Every structure is written in structure tokens, then in C-alpha cells.
Amino acid sequence: MAVHLAKGTRDFLPADMLARRQVVHTVQQVFERFGFEPLDTPVFERIETLTGKYGDEGEKLIYKILKRGEGGVRGEVDQALRYDLTVPLARVLAMNPDIRLPFRRYHIAKVWRADRPAKGRFREFFQCDVDIAGSSSPLADAECLAVLHTALNELGFKGFTIRLNDRRILADLAAAAGAKDSQSEKSFLVALDKLDKIGRAGVDGELAERGFAADAIETAWEALTPQADDAATLAYLGDKLGNRGKEGVAYLGQVRDAAIALGVDPARLTVDPTLARGLDYYTGPVFEATVDEPKVGSIAGGGRYDGLVGVFSKQDIPCVGVSLGLERIVTVMAELGMLPEAGPVAEVLVTVFSDDQLGDSLAAANALRAAGVRTEVYAGSPKLKNQFKHANARGYTWLVVVGPDEAAEGVVTLKNLRTGEQQRIAAAQAGARILESR
RNA sequence: GUGGGUGUAGCUCAGCUGGUUAGAGCGCCGGAUUGUGGUUCCGGAGGUCGUGGGUUCGAAACCCAUCAUCCACCCCA
């Protein structure tokens with residue numbers, strides 16, 4: 001039968017896994033360096049936990065699970081695969097009121113979206129989230145920016161930009177453009193978000209189509225007049241916007257100052273009032289990281305969501321967090337040649353000379369492993385030639401042969417396949433020799 | 001969800017306007033005096049031409065459907 005992967009999914013063969021594991025390891029080290037603690041949650045949640053959090057577009061992308069028994073036959077749904085790691089966190093916070101706040105957690109796990117696959121986009125993918133719960137201070141937002149900045153740096157990214165905006169600024173801009181309700185506000189944001197793609201004229205066209213009046217749009221554009229730098233942009237916006245927008249501007253200024261004090265390179269930060277992020281639950285600052293070289297959209301995104309936990313419990317807990325998209329990071333790193341080539345996990349292949357000599361080979365393998373050397377022992381005993389080919393094809397550096405001569409002397413032949421040199425030494429010494437070559 | 005492209009050996013692809021036994025490179029397997037690879041030489045295996053219909057004397061090539069995949073839009077990590 002013809003076999004296919006489910007759309008938008010991938011197998012990770014050993015070479016992929018080794019590269020990905022290294023990326024995850026780096027990210028995890030950075031997360032812990034900032035004091036974030038690990039958390040995991042079930043991959044599926046009750047459906048009502050997830051619905052109503054992601055907007056109409058997002059809602060369609062939730063993978064739903066049919067009920068057991070007759071309910072499944074009737075097409076009823078009671079559970080769904082998690083869409084992100086933020087809503088599960090909010091649920092955990094609501095269910096565990098004794099968690100000491102502020103609480104920092106990281107979560108690296110798979111999420112699922114019934115999206116149409118594209119470059120760097122899958123239906124099953126990993127996110128690496130850090131969030132701080134229980135702090136309304138701009139310092140918490142700044143810490144998230146700092147951890148994001150550090151992680152991207154340590155992964156080796158050179159040309160990335162973190163764009164910043166605030167939901168309150170966007171709300172005022174939408175209002176200026178004539179948005180009357182959250183529906184038209186969202187409509188405005190969707191159009192505005194395309195600015196760098198379709199240009200001002202294009203956005204004007206879209207807004208007109210969406211029913212925005214030309215003179216109102218003009219008012220919004222005035223507030224968006226480009227300024228020399230972030231400080232000027234914030235000052236100018238503060239001047240043009242209403243009270244809500246002013247609040248956002250002031251807050252964003254504090255976040256930015258704190259982030260820079262935490263070591264974030266100011267050249268990497270850009271206040272961009274046209275940055276719109278779709279998720280419904282954001283309330284304050286929103287941010288997004290992009291790389292300029294391969295076009296894969298954003299590689300990380302986040303923001304503040306002060307109302308989400310309150311949806312699940314009486315007590316509101318202000319939260320802010322950022323999510324790194326592992327899939328896109330790996331895609332970009334692969335394209336830029338930032339991932340090292342993975343060799344075999346084992347360092348040495350112990351060949352099997354013949355069935356008669358099997359015991360000697362196994363003893364040699366034991367000695368190597370006892371010495372801490374990652375060792376493959378050839379399963380079987382085809383011609384030595386083929387075992388050599390196997391070692392070479394898999395990229396081994398070291399190879400061990402134990403034939404009758406070696407066995408008689410109580411040694412093994414250790415060969416370096418790169419240089420071609422070989423010597424007869426005791427198995428334990430062979431182990432030491434390999435270890436010192438690491 | 002909308003529009004467009006692609007689908008031929010394990011991999012990358014060639015097969016002109018339909019015509020007899022479908023090709024190449026790489027890879028794979030075997031061999032070149034019987035304890036040694038990676039180079040070279042010789043030989044070999046391997047394809048229901050995505051799948052199902054249709055047009056035709058005849059289709060990998062034309063038409064329809066379907067599945068898969070890629071690109072753009074939408075949205076997003």
C-alpha cells in the first residue's frame with residue numbers, strides 16, 4: 001500500500017533529531033538562566049477550555065476530538081488538541097491558586113493547528129514558551145524580551161529584529177480610523193498588518209473595501225507618520241493618541257528602557273505601531289521577532305494577556321510571555337547553514353571477525369562502553385569488508401577489529417578511518433585513546 | 001478556503017508535436033588471489049510511468065476525477 005504522512009506532519013530521522021535537540025538544549029539553557037521553570041500539560045484539553053480564545057480564524061484551526069461511544073458516532077466533540085501553550089498555562093494558573101506569584105515557567109512541546117502547510121509551517125509543531133504570571137510590571141515584559149534576545153543570540157542569529165507595539169495603541173488607531181466595535185477594530189488591524197507587504201496604497205484599498213471612510217483613515221495615517229527613532233515615535237504617538245493609547249505608549253517606553261537595561265541591543269528593537277498580532281487575548285504590549293534573510297514569517301511572538309486567567313477563575317492574574325517557533329528557527333538555521341552536520345551517535349564500530357571470534361568482539365565492546373565510549377557492535381558477521389563499508393558510510397572515525405591474532409595477544413586493532421593509521425592495543429587503552437581524541 | 005505548478009527506478013531528473021523491449025547520473029548489490037573502508041575498473045539488480053476512469057489502432061505523454069506535494073493569497077510559530 002502507498003503510505004503517506006498526514007498532511008503537515010513530519011518524521012524526524014536521527015540527523016534531524018540531533019540538530020533539533022541541540023537547538024532545544026540551547027533554548028532551554030537560556031530559559032533556565034533567566035529563572036524559568038519547566039511545566040508540561042496534557043496535549044489535549046476539554047474543548048471549552050480552548051474555544052473563544054483565538055478569534056474566528058484561530059478557532060477554525062483547532063483540532064477537535066470526537067467523543068467516545070455514541071457521541072463519536074453522532075459527531076459530538078468534547079476534547080481538542082492544544083492550539084498553543086499559553087491557554088493551557090492560564091488553565092493551570094486558574095486551577096492552582098497556591099502557585100506563588102510571580103511565577104516563571106517555560107514549556108517546550110508540540111501544539112497542533114489544522115492549518116494549510118507552507119514553508120516553515122506545519123500542522124504539528126513545537127513551540128518554546130516562556131511566561132511570567134502575576135506581574136503587572138513592565139519589568140516582566142522586559143524580561144521576556146531579554147530572554148528572547150538572549151536565546152536568538154545564543155542560537156547564533158545575526159540579523160533579527162524584535163518589533164514592539166501595544167494593543168492599546170492599536171485600539172486607538174483603529175478608533176481614529178473609525179472602528180466602532182471589536183469586529184471592525186480587528187478588521188482594521190488585519191489590513192494595517194499588511195503594510196510592509198502591500199504598501200500604504202494597498203492598505204488604503206483594503207480599508208476602503210472594509211468600509212472605512214477615507215478621511216478617518218487619513219487621521220490614523222497621521223498618527224503613523226514615521227519618526228526618526230523609537231523615542232521620537234513614542235513621543236509622537238503619545239501626542240496624537242487618546243488616553244488609552246497614551247497609556248500604551250508610556251508602558252511601552254518603560255518596557256523598552258528596562259529591556260535595554262537588561263542588555264537587549266537597542267539596534268534589535270523597533271517600536272512599530274503597525275505591528276498587529278491576531279490572537280484575541282492580548283491586552284498590552286505585543287512583540288514579534290523576524291529574521292530578514294529567509295522569508296518564513298516571524299520566528300517568535302508574544303505579548304501581555306492580563307485577562308486570560310480571569311476567564312477561568314475569579315482571580316485575574318496578569319501575564320506576559322513569548323513563544324519561539326522551533327520549526328521556523330530550525331528551518332532558518334538549516335537554510336543559513338547554522339546547524340552543524342550530525343555524525344553518528346556512536347564513536348566506534350566494533351567489527352565481528354567471525355562467529356568464532358564473536359566473544360572477543362563483545363568483550364572489546366564491553367570494555368569500550370565501560371570506559372564511557374559510545375560503541376556500536378556490528379550485529380552479525382558478514383565479510384569484514386562490508387563492516388568497514390558500513391563504518392565508513394555512517395561516518396565513523398574509529399573502528400575495532402578483533403581477529404584470531406589479536407585474540408591470541410589479548411589486544412584489539414584500533415583503526416582511525418580518517419587517517420588510515422592502526423595499532424594493536426588493549427581494549428581499555430583503545431577506549432582511553434578514543435576519549436582523548438574527542 | 002481561493003488560484004497556479006508538479007507527480008517517471010532508493011534519490012535528482014530526461015523522455016521532442018501520442019507509435020514497437022521507458023533512459024541517465026548518483027546510490028545500492030556483487031567481483032577485481034580468500035583479515036580493511038573511503039579512490040579506480042568490471043558486472044548486476046531495481047520502474048503497476050501517483051491512483052481510477054476516458055479518448056485512440058496505439059498513451060508515461062491528450063481529457064476528467066482523485067490523492068499527494070510545492071508556490072502565491074489568507075492566516076500564523
Side-chain angles (χ1 to χ4, degrees), chain A residues 1-10 27 54-62 82-86 108-129 148 186 189-191 193-194 197-198 202 206 275-279 286-291 295-303 321-332 349 351-354 356-357 360-361 378 381-408 412-422 424:
Chain A
M1 82 186 263
V3 290
H4 294 286
L5 284 168
K7 193 193 282 287
T9 66
R10 296 185 301 169
V27 168
Y54 306 112
D56 292 340
E57 288 295 327
E59 190 107 2
K60 290 179 198 155
L61 304 182
I62 297 175
R82 63 185 170 209
Y83 177 95
D84 66 5
L85 302 174
T86 306
I108 300 175
K110 280 180 176 177
V111 301
W112 292 266
R113 295 183 192 174
D115 213 344
R116 183 139 185 177
K119 185 187 178 73
R121 182 204 282 175
F122 302 90
R123 288 184 167 179
E124 174 182 76
F125 59 100
F126 275 88
Q127 289 196 324
C128 312
D129 277 35
L148 169 62
K186 191 142 192 220
L189 297 184
V190 168
D193 193 40
K194 297 181 189 168
K197 212 173 226 172
I198 61 179
E206 282 232 12
L275 169 68
R277 300 206 83 237
L279 294 182
V286 289
F287 24 87
E288 196 166 283
T290 51
V291 286
K295 290 231 166 235
V296 291
S298 56
I299 58 171
V322 63
S323 175
L324 282 82
L326 182 63
E327 258 45 64
R328 289 187 177 177
I329 285 172
V330 169
T331 300
V332 172
L349 176 73
T351 59
V352 176
F353 189 84
S354 69
D356 290 343
Q357 236 65 48
D360 297 312
S361 287
Y378 199 102
S381 56
K383 291 186 191 169
L384 256 199
K385 178 179 188 141
N386 288 323
Q387 301 188 52
F388 268 73
K389 278 188 153 179
H390 175 77
N392 196 61
R394 294 217 57 204
Y396 281 107
T397 299
W398 299 100
L399 178 142
V400 161
V401 178
V402 196
D405 298 350
E406 288 87 347
V412 303
T413 291
L414 175 67
K415 175 159 184 167
N416 183 318
L417 291 171
R418 299 269 167 79
T419 65
E421 293 170 53
Q422 62 182 59
R424 290 190 175 184

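A, B, ... follow the sequence lines: proteins, then strands. Residue 1 opens every chain. Heavy atoms only: backbone and side chains are in, while hydrogens, waters and symmetry mates are out. Note that the structure is a prediction, hence the values are computed from the model and not measured.
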Checklist entry - If you measure from the P atom in B/C71 to the same atom in B/U48, how many Å do you get, rounded? => result 29 Å
Checklist entry - What nucleic acid atoms does A/L417 come within less than 4.0 Å of, heavy atoms only: base, sugar-phosphate, or nothing? => result base
Next on the checklist: Taking atom types as they are modelled, would you say the side chain of A/E406 forms a donor-acceptor pair with the base of B/G35 within the 3.5 Å cutoff?
Outcome noted: yes
Checklist entry - Which of the following nucleotides, B/G35, B/A77, B/G3, is nearest to the side chain of A/V401? => result B/G35
Checklist outcome for this item: In short, A/S298 meets A/E288 closest at the heavy-atom pair CB-CG, 3.3 Å
Checklist entry - Can you find a donor-acceptor N/O pair under 3.5 angstrom joining the side chain of A/Q422 to the base of B/U36? => result yes
Next on the checklist: Of the listed nucleotides (B/C75, B/G35, B/G37), which one gets closest to any side-chain atom of A/F388?
Outcome noted: B/G37
Checklist outcome for this item: Of B/G38, B/U36, B/C75, the nucleotide closest to the side chain of A/K389 is B/G38
Checklist entry - Which part of the nucleic acid, if any, lies within reach of A/F122 when heavy atoms closer than 4.0 Å are counted: base, sugar-phosphate only, or nothing? => result base
Checklist entry - Rounded to the nearest Å, what distance is computed from the NZ atom of residue A/K60 to the P atom of nucleotide B/C76? => result 12 Å
Next on the checklist: Suppose we call a contact any N or O donor and acceptor under 3.5 Å apart; does that hold for the side chain of A/N392 and the base of B/G37?
Outcome noted: yes
Checklist outcome for this item: A/W398 CH2 to B/G38 C1', in whole Å, measures 16 Å
Checklist entry - Minimum heavy-atom separation for A/A276 to A/L189, with atom names? => result CB-O, 3.6 Å
Item to check | Spacing of A/K186 atom NZ relative to B/C74 atom P, expressed in whole Å | outcome: 15 Å
Next on the checklist: Once you apply a heavy-atom cut-off of 4.0 Å, does A/S298 come out as touching a base, just sugar-phosphate, or nothing?
Outcome noted: sugar-phosphate
Item to check | B/G3 to B/U12 separation - C1' atoms, rounded to the nearest Å | outcome: 29 Å
Checklist entry - Do any side-chain nitrogens or oxygens of A/K7 fall under 4.0 Å of OP1 or OP2 in B/C67? => result no
Checklist entry - Between A/D405 and A/R123, which has a closest nucleotide on RNA chain B that is more 5'? => result A/D405
Checklist entry - Expressed as a whole number of Å, how far does the P atom of B/C16 sit from that of B/U8? => result 15 Å
Checklist entry - From B/G37, B/U36, B/C75, pick the nucleotide closest to the side chain of A/V190? => result B/C75
Next on the checklist: Can you measure A/L414 atom CG to B/U36 atom P for me and round it to whole angstrom units?
Outcome noted: 18 Å
Next on the checklist: Applying side-chain hydrogen bond (donor to acceptor under 3.5 Å, both in side chains) to A/T413 and A/Q422, what does each step give before you reach the verdict?
Outcome noted: CA-CA 7 Å; A/T413 291; A/Q422 62 182 59; 5.0 Å; no
Checklist entry - Which whole number of Å gives the distance between the P atom of B/C26 and that of B/G44? => result 16 Å
Item to check | Interatomic distance where CD belongs to A/E206 and P belongs to B/C74 [whole Å] | outcome: 7 Å
Item to check | A/Y396 and A/H390 aromatic ring geometry - parallel, tilted or perpendicular at 30°/60° bounds | outcome: tilted
Item to check | Between B/A24 and B/U17 - C1' atom distance, rounded Å | outcome: 24 Å
Checklist entry - Counting just side-chain N and O atoms, does A/K383 come under 4.0 Å of either OP1 or OP2 of B/G31? => result yes
Checklist outcome for this item: To the nearest 0.5 Å, atom OG1 of A/T397 lies from atom CG of A/L349 at 12.0 Å
Checklist entry - Considering only the P atoms, how many Å lie between B/A45 and B/G50, rounded to the nearest integer? => result 24 Å
Checklist outcome for this item: A correct dot-bracket answer for RNA chain B, with pairs being Watson-Crick or G-U at under 3.5 Å, [ ] for crossing pairs and | for inter-strand pairs, is (((((((..((((.....[...)))).(((((.......))))).....(((((..]....))))))))))))....
Checklist entry - Would you say a side-chain N or O of A/N386 is under 4.0 Å from OP1 or OP2 of B/G30? => result yes
Next on the checklist: Nearest to the A/R424 side chain among B/G35, B/C75, B/G3, which nucleotide is it?
Outcome noted: B/G35
Checklist entry - So what does A/A393 touch, heavy atoms closer than 4.0 Å: a base, only the sugar-phosphate, or nothing? => result nothing
Checklist outcome for this item: For A/Q357 and A/F353 the tightest heavy-atom approach is CB-CB, 3.9 Å
Next on the checklist: Roughly how many Å apart are B/G53 and B/C70, using the C1' atom of each and rounding to a whole number?
Outcome noted: 26 Å
Checklist outcome for this item: dist A/L148:CG -> A/C128:SG (nearest 0.5 Å) comes out at 11.0 Å
Next on the checklist: Let's test your reading of the model: under 3.5 Å, does the base of B/U36 pair with the side chain of A/K385 as donor and acceptor?
Outcome noted: no
Checklist entry - Which nucleotide, B/C71, B/A77, B/G35, lies nearest any side-chain atom of A/R121? => result B/A77
Item to check | Rounded interatomic separation in angstrom, taking OH from A/Y396 and P from B/G37 | outcome: 19 Å
Checklist entry - Is A/R113 reaching over with its side chain to a backbone N or O of A/Y83, donor-acceptor style, under 3.5 angstrom? => result yes
Checklist entry - Considering only B/C74, B/C76, B/G35, which nucleotide approaches the side chain of A/K194 most closely? => result B/C74
Item to check | Touch class at under 4.0 angstrom, heavy-atom based, for A/G58 against every strand present | outcome: nothing
Item to check | Closest approach of A/N416 to A/R418 (non-hydrogen atoms, all atoms of both residues) | outcome: OD1-N, 2.7 Å
Next on the checklist: Give me the distance, rounded to whole Å, that separates B/G47 from B/A9 when you measure between the C1' atoms they each carry.
Outcome noted: 5 Å
Item to check | Candidate nucleotides B/U2, B/A77, B/U36, ranked by approach to the side chain of A/R328 - the nearest | outcome: B/A77
Checklist entry - How many Å lie between CZ on A/F353 and P on B/U36, as a whole number? => result 8 Å
Checklist outcome for this item: CD of A/E327 to CZ of A/F126, rounded to nearest 0.5 Å, is 7.5 Å
Item to check | Value in whole Å for how far the C1' atom of B/U69 lies from CZ of A/R116 | outcome: 11 Å
